[in-house]
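Just so it is clear, the structure is predicted and the values come from calculations on it, not from any experiment. Scope of the values below: all heavy atoms of this structure, side chains included, with no hydrogens, waters or symmetry mates.
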Amino acid sequence: MTSLASLWLPILLSAVFVFIASSIIHMVLKYHASDRGPAPDEEAVRAALRMPAGDYVVPYASSMEAMKSPEHTTKLAEGPVAFITVLPTGSWNMGRALGLWFVYCLVVSIVAGYVAGRALLPGADYLAVFRFVGTTAFAGYVLALWQETIWYGRSVTTTLKNTLDGVIFALITAGVFGWLWPS
């Protein structure tokens with residue numbers, strides 16, 4: 001067993017390197033630029049969506065019985081069918097989002113380090129560390145993304161691109177841990 005405290009450097013550096021990689025993906029490679037497009041008649045959509053911040057579904061049904069009603073079935077057939085997240089009004093707080101993203105990267109690295117540390121001793125082989133950390137980091141960065149596609153209709157292409165990002169992040173995390181695993 002390897003203590004989590006002895007893994008502070010790979011935890012911190014892997015989070016930093018993933019943060020840098022995600023910045024390069026979004027600001028230099030820009031393959032996520034096509035993930036979302038403009039709404040037709042944006043001004044009409046903006047006017048229609050002036051509502052408190054929150055998550056909404058259209059058409060809404062309050063129960064399973066309501067979902068089976070002829071009225072709800074008609075609304076589904078007529079469309080649109082949408083899951084909508086309305087953010088608070090005002091400027092986008094990029095600093096807050098980036099800070100939370102870095103905290104998330106730290107959490108994934110801590111969990112990956114914890115799992116590997118419970119399974120491996122100090123001085124463990126690079127590939128053994130890489131496998132444990134990489135698999136756990138992959139789970140942290142990728143698996144829940146597919147729920148959005150399965151349940152809420154998020155584009156498979158967008159989810160595949162996010163999965164590619166997660167694979168890159170997991171490989172970076174695994175590589176840093178393998179490199180800096182205590183001897």
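Applying the side chain to side chain contact (heavy atoms under 4.5 Å, CB included) criterion to A170, with sequence neighbours excluded, gives A137, F138.
Put simply, the side chain of H32 reaches to within 4.5 Å of the side chain of I25, judged on heavy atoms. Side-chain atoms of D125 and F130, non-hydrogen and from C-beta on, never get closer than 4.5 Å to each other. Taking 4.5 Å as the limit, every side-chain heavy atom of I84 sits out of range of all side-chain heavy atoms of D55. By the 4.5 Å heavy-atom criterion applied to side chains, V107 and F102 are not counted as neighbours.
L7 and P10 get closest at one heavy-atom pair: O-CD, 3.1 Å. Across all non-hydrogen atoms, the minimal contact from A21 to I172 is CB-CD1, 3.4 Å.
Side-chain polar atoms of S109 and S14 form a donor-acceptor pair below 3.5 angstrom.
In this structure, W8 has its ring center no closer than 6.0 Å to that of F177.
Heavy atoms of other residues, nucleotides or ligands lying less than 6.0 angstrom from CE of M1 number 12 at most.
Salt bridge absent: K75 and E78 never bring a charged side-chain N and a carboxylate O closer than 4.0 Å.
Counting only residues at least two apart or in different chains, side chain to side chain donor-acceptor pair (under 3.5 Å) contacts with residues 147-157 comprise T149-T159.
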